[in-house]
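Notes to accompany the following structure.
Just so we're on the same page: letters track the sequence lines, and every chain starts at 1.
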Amino acid sequence: MEQDFIIGLRANLPKVQSAFVNKYGPRVHAFILGMVGNQNEAEELTVDVFVRAFQHIYSYDSNKATIDTWLLRIAHNIAISHLRHPRLSISRLDNDNYDERTQIETDGSPMIEFLQQAISDLPPDDRAIIHLHYYDGAKLAEIAHILGNTEGAVTVKLHRIRLKLKKLIESKYGRQGF
Amino acid sequence: MEDKDFDQLLQKAVAQRCSMPLTDNLSARVIDKINYHKRKSRLQLFSCAAAIAALIVATIMIFDSRKNHETHPDFYVEATNITNERITNSSTTSLNLRNDINNYYIKPQQ
């Protein structure tokens with residue numbers, strides 16, 4: 001299946017491109033949304049990810065990574081670049097009092113809202129690790145490949161982020177929590 | 001708080017952060033953008049080719065006009081006149097110089 005996609009994409013077939021976007025789009029979009037925290041920007045960046053992937057499809061090597069990992073690595077690079085040099089997007093023009101946290105829907109639980117805010121305040125790479133581990137269910141080796149890091153470094157980072165978030169929530173709501 | 005409980009809470013928070021649906025026309029937007037990039041690169045290629053062609057034509061025209069100028073019969077007449085004029089001028093200058101030397105350096109010794 002993956003090999004068929006690669007052949008179709010290298011042949012520049014619009015039908016295959018469309019099917020490819022439909023298959024991998026939601027995962028890429030969720031990852032970018034987890035990193036940038038804004039729906040419109042996440043969609044714009046998702047489009048950029050696929051455009052870049054199609055342009056560089058010849059450089060994809062199936063022996064090095066799966067297509068998902070390769071796409072998420074591109075997504076990570078694009079999201080990091082966007083967060084370092086944000087471009088003026090339509091969503092920001094529409095809303096004078098722009099705040100990325102207003103874009104995130106919550107179920108109303110104050111503890112979850114607090115935790116989401118704490119995640120938003122984390123550095124982008126830490127947000128990526130949290131997202132890939134807790135939402136995506138990615139393995140540590142895969143996370144390391146996406147972030148261009150070693151597996152050991154990711155393990156240590158994940159442990160530290162968890163500890164930091166746990167301390168934050170315990171200081172706010174006490175050790176019993178909920 | 002137990003680690004397990006905390007992990008569940010974290011999982012829920014992260015899931016809510018990324019639970020927004022993706023618009024249906026994403027693939028159409030991607031294909032539109034790819035076509036836009038293709039058109040843009042084609043236009044850049046065309047304008048680059050046009051600029052190179054213009055440069056080549058301009059170079060050929062400059063060389064051609066020089067060649068015409070050099071092979072034109074008037075060019076040699078003009079060049080000969082200029083050369084003769086220079087020879088005359090230099091002869092006059094050297095004659096004057098010799099006179100000056102005679103007058104100021106050689107004459108008093110005689």
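Per-residue counts of heavy-atom pairs under 4.5 Å with chain B were compared for F54(A), F31(A), F114(A); the largest is that of F54(A). Per-residue heavy-atom pair counts under 4.5 Å with chain B were compared for Q17(A), H131(A), H29(A), and the maximum is reached by H29(A). Among the candidates I119(A), I130(A), V47(A), the residue making the largest number of heavy-atom pairs closer than 4.5 Å to chain B is V47(A).
A donor atom on one side chain and an acceptor atom on the other are found under 3.5 Å apart for S120(A) and R17(B).
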Worked verdict on R162(A) versus D7(B) for side chain to side chain contact (heavy atoms under 4.5 Å, CB included): CA-CA 8 Å; R162(A) 273 187 80 255; D7(B) 278 348; 2.8 Å; yes
Step-by-step side chain to side chain contact (heavy atoms under 4.5 Å, CB included) determination, I31(B) to V21(A): CA-CA 10 Å; I31(B) 288 166; V21(A) 173; over 6 Å; no
K33(B) and D48(A): CA distance, side-chain angles, deciding distance, side chain to side chain contact (heavy atoms under 4.5 Å, CB included) verdict: CA-CA 8 Å; K33(B) 200 158 184 176; D48(A) 290 349; 2.5 Å; yes
Step-by-step side chain to side chain contact (heavy atoms under 4.5 Å, CB included) determination, F20(A) to V30(B): CA-CA 11 Å; F20(A) 185 77; V30(B) 171; over 6 Å; no
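For chain A, no part of D32(B) is nearby; none of its heavy atoms comes within less than 4.5 Å.
Counting all heavy atoms, side chain and backbone alike, K166(A) lies closest to F6(B) at N-CZ, 3.4 Å.
The environment of R10(A) atom CZ is dense: over 12 non-hydrogen atoms of other residues, nucleotides or ligands sit within 6.0 angstrom.
In this structure the side chain of K38(B) reaches within 4.5 angstrom of the side chain of N12(A), judged on heavy atoms.
Hydrophobic clustering (ILVMFWY, side-chain heavy atoms < 4.5 Å, transitive): I34(B) and I7(A) are in distinct clusters.
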